[in-house]
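Reckoned from all heavy atoms, side chains included, excluding hydrogens, waters and symmetry mates.
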Amino acid sequence: MPYNGGPMTEAMYYVLLALMNPSHGYQLMNAITKVSNGRLNMGPGTLYGVLSRMQKDGLISLAEDDGRRKTYRITRDGEQALRIEYSRLMALIRDGKILEEGDEGE
């Protein structure tokens with residue numbers, strides 16, 4: 001199913017975030033772990049499935065293919081989708097502030 005602009009999976013979000021700096025597979029797995037502060041360790045099977053889908057959707061593109069490894073980069077559409085998703089996630093956090101108000105409503 002192509003990306004339709006709805007909520008992203010965690011894997012998609014972190015791949016796009018990590019691709020703010022072009023990377024190849026192994027380097028990208030490490031970048032994802034770094035930008036997620038160690039919360040997400042993505043294996044090659046998951047990574048390459050997500051990369052393939054996102055490339056078909058125009059969110060990322062191949063920056064270089066030297067025959068040994070492929071370097072990916074985020075596209076303009078991908079960066080726009082990432083910023084929209086970031087705004088959506090921030091709205092969720094703002095909406096959740098009610099949880100910090102305690103039990104005052106009871």
- [ ] Report the distance from atom CG of Asp66 to atom OG1 of Thr71, rounding to the nearest 0.5 Å.
- [x] 7.0 Å

Open item on the list: Give me the atom names and distance for the closest heavy-atom approach of Tyr26 to Tyr48.
Closed with: N-OH, 4.5 Å

Open item on the list: Just verifying a value: how many Å separate Met29 CE and Met42 CE, rounded to the nearest 0.5 Å?
Closed with: 10.0 Å

Open item on the list: Do Ile93 and Leu89 land in one hydrophobic cluster if side-chain heavy atoms of ILVMFWY residues count as linked below 4.5 Å?
Closed with: no

TODO: Would you confirm whether Ser23, through its side chain, and Leu19, through its main-chain N or O, come within 3.5 Å as a donor-acceptor pair?
DONE: no

- [ ] Check whether the side chains of Arg39 and Tyr14 place a donor and an acceptor atom closer than 3.5 Å, and report yes or no.
- [x] yes

Task: Nearest non-hydrogen partners of Ala18 and Leu28, listed with the distance - done: CB-CD1, 3.6 Å

Open item on the list: Is there a path of hydrophobic side-chain contacts, each under 4.5 Å between heavy atoms, that joins Leu82 and Ile84?
Closed with: no

Open item on the list: For Ser61, run the side chain to side chain donor-acceptor pair (under 3.5 Å) check against Arg76, Gln55, Arg73 and tell me which one passes.
Closed with: Arg73

- [ ] Output the distance between atom NZ (Lys34) and atom CG (Leu40), rounded to the nearest 0.5 Å.
- [x] 15.5 Å

Task: Reported NE2-to-CZ distance for the pair His24 and Arg68, which is rounded to 0.5 angstrom - done: 8.0 Å

TODO: Considering non-hydrogen atoms only, spot the tightest contact between Thr33 and Ser36 and give its length.
DONE: O-OG, 3.2 Å

Open item on the list: Less than 4.5 Å apart, side chain to side chain, heavy atoms only: is that true for Leu59 and Met12?
Closed with: yes

TODO: Enter the distance from Ile74:CD1 to Leu16:CG here, rounded to the nearest 0.5 Å.
DONE: 4.5 Å

Open item on the list: Looking at Leu92, I'd like to know if its CG atom is crowded, meaning that more than 12 non-hydrogen atoms belonging to other residues, nucleotides or ligands lie closer than 6.0 Å.
Closed with: yes

Task: Gap between atom OG1 of Thr46 and atom CD1 of Ile32 - 0.5 Å precision - done: 10.0 Å

Task: Nearest heavy-atom neighbours spanning Gly58 and Asp77 - done: O-CB, 3.9 Å

Open item on the list: Between Glu79 and Arg83, does the salt bridge (charged side-chain N to carboxylate O under 4.0 Å, His left out) criterion hold? Intermediate values first, please.
Closed with: CA-CA 6 Å; Glu79 186 171 345; Arg83 291 182 183 282; 2.9 Å; yes

